[in-house]
2 protein chains.
Amino acid sequence: MAKIDDVARLARVSKGTVSNVFSQKRPTSDEIRERVMRVSKQLNYVPNHTARSLVTKKTMAIGLTIPYGSFFFTAFHMQFINGVILEAAYYGYRVLLDIIPSQEVKTPFLTSYPIDGAVVMRPTANDERINQMHLGQIPFVTVGHVMNENIEHFTSVDNDNHQIMYNICEYLISKGHKDIMFLNASELMTVSIDRKASFIHAMKDHGLDVEEHMIHHKPDLDSSEYMDYGYEETILILGKQKKKVTAIIADDERTAFSVLKALKDLNLSVPGDVSLFVVCGDHSMMVQSNPALTSMDLQPSELGAQSVRLLMHQLGVLQGDFSGNIIVEGKIIERNSVSTIDHKEKHN
Amino acid sequence: MAKIDDVARLARVSKGTVSNVFSQKRPTSDEIRERVMRVSKQLNYVPNHTARSLVTKKTMAIGLTIPYGSFFFTAFHMQFINGVILEAAYYGYRVLLDIIPSQEVKTPFLTSYPIDGAVVMRPTANDERINQMHLGQIPFVTVGHVMNENIEHFTSVDNDNHQIMYNICEYLISKGHKDIMFLNASELMTVSIDRKASFIHAMKDHGLDVEEHMIHHKPDLDSSEYMDYGYEETILILGKQKKKVTAIIADDERTAFSVLKALKDLNLSVPGDVSLFVVCGDHSMMVQSNPALTSMDLQPSELGAQSVRLLMHQLGVLQGDFSGNIIVEGKIIERNSVSTIDHKEKHN
DNA sequence: TTGTAAGCGTTATCAC
DNA sequence: GTGATAACGCTTACAA
């Protein structure tokens, strides 16, 4: 590969000038610029990204850290990633997928991350990756709030998980549901902690008790139960234990579909016997499902875009020291999986 | 951030020695290694990735190039990406998402790619990105074969699209279907070219004519029709034009769901009136759909892993100059969306 | 096994 | 506007 000296020599200018032509950081005369570009094309020269990074201390890449424990992407992840990539590209940044797989990895020793900043998706409590970023002094914004000791971090994007969960409960309760089963996200994630609290809160506010069988958490990725989350719980609680449950809240569409399958196996109809509410999920899937699934739209793509914008502020790409929380609204989208319970009927 | 000199000074060794401790390329005495590590921890030192890259000429990252025109990920993409990331991580490589968005981008001037190699997903005919890689001398493997002038490239991973399409057709024909509508992928992608050819081939082999209304191509991403692909075609051909169609082959699950919706709107049942066959698609979705969708499993995750392995051979990480095509098998998974046509019944 | 010093390919700082 | 030259932080011969 041709290097800057080759171009400089052939164009009979100094390397500094060639550099200026490409970086556009200093003006150059038309004549020289043209000559340099012509020679560059001829030699097939492009500036070496790594060398440039070494001196500018910018990699023009941001890391996208996917939560450990949700390695199988859901629609939420995909849409979020879409939002991040698109927005990052807009500012000339590339996205480095930064996933810590649970499997063994060959990386012998760590090095610094070749990124200027990072978007950390759904941090867990005391998330080790957050500590890493903090130590490495890498600017980052999280989706979902940080719960690490000694780290006060106020740059994050999130839905208002408290509000969202509260709204979902009120929605269901207003339809006459009292026996609600909540299939929450992984216990480790901070969002699930918030949602659980709000679930309990909302129930209490309406004079409803929360029993143990009503809240479940998604198992770890390594767990054999991971893929069946939703199915097993439904079979167990509604089938074997014969608990009364009139509505189920599922954490994502995969879980929702598992529930649907379990309900079918139990000969229970939706929403006739049991109502189903999905937190997030892919629109086209929700629509087509039978019945179409009522859901809470978390606007993942918007979350992704906003998180990048926040990061750009931290990196100085966007003006203004904009740090803080951005709340993206969640909207209930009514479809056909939730029905109203007529309590008089139930009295016989 | 601490640098290697700081560590060297404090540990009273040379920078070369510190380097050796971290890179493990040369043996170091236990005593010194320990001292260096202790000081490093104390100073919070990690080797600078960029500086290392500059001299080793390795970035330890591979690019993952998602096809232009399919910016909305399907299950195929997600599973493929999963396969790539996992396998790359195993060899200590990170993955740089390398998507060329159709929108305007701020990148003023190009630089070299900070990657050691790339996986190019679903290249189009005369794919510009392939030309770029070729020019930049970046090793790459494609998923789907290359159709660029002057570029002979034999390192790719693929399903046997000819065989797959042929098998699908034979499967449908064996069930008595003669009027099959094929909702193909984007016209630009090389896979769609192969599949179209095989579709026609298979039909001809069974004495069936292929009329114009039987083959469609997914519109461009920018097109307003993109999201409705499947719905519009079904309404148009089966509804307005009242063409006889007993089976539909959909390119992905999104398209399949759109078709399902259109069919419902047309008051046509699946598989009673029309059979539906999906190429690829997410297992959990296909299973839960009503009816469960019969599909061809393309094993995207396996494709991803294999493509990385091939790339590792090219990068010398894996031994042996393994270049060529790896074919990943496609398997028909029978569920409930395809029915057998009894031709006697149709004679009244 | 460890130290020394010459790069790696840019950009940045000065002069001019 | 342009040209020298010193960084940038590391690896790697080569020497010791």
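We name chains A, B, ... by the order of the sequence lines, and we start the count at 1 in each one.
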Salt bridge or not for [X] and [Y], using N-O below 4.0 Å?
X        : Y        : value
Arg35(B) : Glu31(B) : yes
Arg9(A)  : Asp6(A)  : yes
Lys3(B)  : Asp5(B)  : no

Residues in side-chain contact (heavy atoms from CB on, under 4.5 Å) with Ser14(A), at least two apart?
Thr17(A)
Return the set of residues passing side-chain contact (heavy atoms from CB on, under 4.5 Å) with Glu152(A) (not counting sequence neighbours), or none when no residue passes.
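With neighbours one apart ignored, the set is Phe154(A).
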Identify every side-chain donor-acceptor pair in residues 134-146 of chain A under 3.5 Å, counting partners at least two apart or on other chains, and give the distances.
{"unit_1": "Thr142(A)", "atom_1": "OG1", "unit_2": "Gly144(A)", "atom_2": "O", "d": "2.8"}
{"unit_1": "His145(A)", "atom_1": "ND1", "unit_2": "Asp194(A)", "atom_2": "OD2", "d": "3.4"}

Closest-nucleotide 5' rank along DNA chain C - winner of Val13(B) and Lys57(B):
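Looking at the nearest nucleotide for each, Val13(B) comes out on the 5' side.
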At under 4.0 Å between heavy atoms, how does the protein contact nucleotides 11-16 of chain D? Give one character per nucleotide, 5' to 3', with B, S or -.
BB----
Classify Arg12(A) by what it touches in the nucleic acid, base, sugar-phosphate, or nothing, heavy-atom distance under 4.0 Å.
sugar-phosphate
CE of Met133(B) to CD1 of Ile151(B): how many Å apart, nearest 0.5 Å?
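Answer for the CE-CD1 pair, Met133(B) versus Ile151(B), is 11.0 Å.
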Five pairs per end, C1' atoms only: what is the angle between the end axes of the helix from dT1(C)-dA16(D) to dC16(C)-dG1(D), to 10 degrees?
30°
Considering only heavy atoms from C-beta outward, does the side chain of Asn159(A) approach that of Ile327(A) to under 4.5 Å?
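No; the side chains remain at least 4.5 Å from each other.
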What are the 5'-most and 3'-most nucleotides of DNA chain C lying under 4.0 Å from any heavy atom of chain A?
dG9(C) to dT13(C)
Test: Arg52(A) cationic atom under 6.0 Å from Phe22(A) six-membered ring centre, within 45° of axis:
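Here Arg52(A) fails the 6.0 Å and 45° test against Phe22(A).
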